[in-house]
Amino acid sequence: MTKIEIKKVEERLNHQLLFSVRVSGDTDHMEFPVAILDQGSQAANETAVLASALAFAEALEAAARLRIGAGALR
């Protein structure tokens, strides 16, 4: 089962917030920073962080699939 943890790390200038997103699976984990503009509430900020993490995951999946496909052609 995969678990996602979001932790606010710091507040920056111009209403920017930096979060740490940690994704843990059964055997591995990944942690990466996500910066967003303050959305006005904790719930809205977490939603923005999750949307950003999801977009990153989708881009990662597409890039990995292309790389795997390119490797199969060699």
TODO: Determine which pairs satisfy salt bridge (charged side-chain N to carboxylate O under 4.0 Å, His left out) with at least one residue from residues 51-64, sequence neighbours left out, and list them in order.
DONE: E61-R65
Task: Within residues 15-31 or reaching into it, pairs that qualify as salt bridge (charged side-chain N to carboxylate O under 4.0 Å, His left out) - sequence neighbours excluded - done: R22-E31
Task: Contacts of E11 that satisfy side chain to side chain contact (heavy atoms under 4.5 Å, CB included) - sequence neighbours left out - done: K8, L17
- [ ] Just jot down the salt bridge (charged side-chain N to carboxylate O under 4.0 Å, His left out) partners of E10, sequence neighbours excluded, or say none.
- [x] R12
Side-chain donor-acceptor distances from residues 33-53 under 3.5 Å, at least two apart:
{"from": "D38", "atom 1": "OD1", "to": "G40", "atom 2": "N", "distance (Å)": "2.9"}
{"from": "D38", "atom 1": "OD1", "to": "N45", "atom 2": "ND2", "distance (Å)": "3.2"}
{"from": "Q39", "atom 1": "NE2", "to": "L37", "atom 2": "O", "distance (Å)": "2.8"}
{"from": "S41", "atom 1": "OG", "to": "A44", "atom 2": "N", "distance (Å)": "3.1"}
{"from": "Q42", "atom 1": "NE2", "to": "E46", "atom 2": "OE2", "distance (Å)": "3.2"}
{"from": "N45", "atom 1": "OD1", "to": "Q39", "atom 2": "N", "distance (Å)": "2.6"}
{"from": "N45", "atom 1": "ND2", "to": "S41", "atom 2": "O", "distance (Å)": "3.2"}
{"from": "T47", "atom 1": "OG1", "to": "A43", "atom 2": "O", "distance (Å)": "2.9"}

Task: Pairs satisfying ring-ring contact (aromatic ring centres under 6.0 Å, His included), at least one member in residues 10-64, at least two apart - done: F32-F56
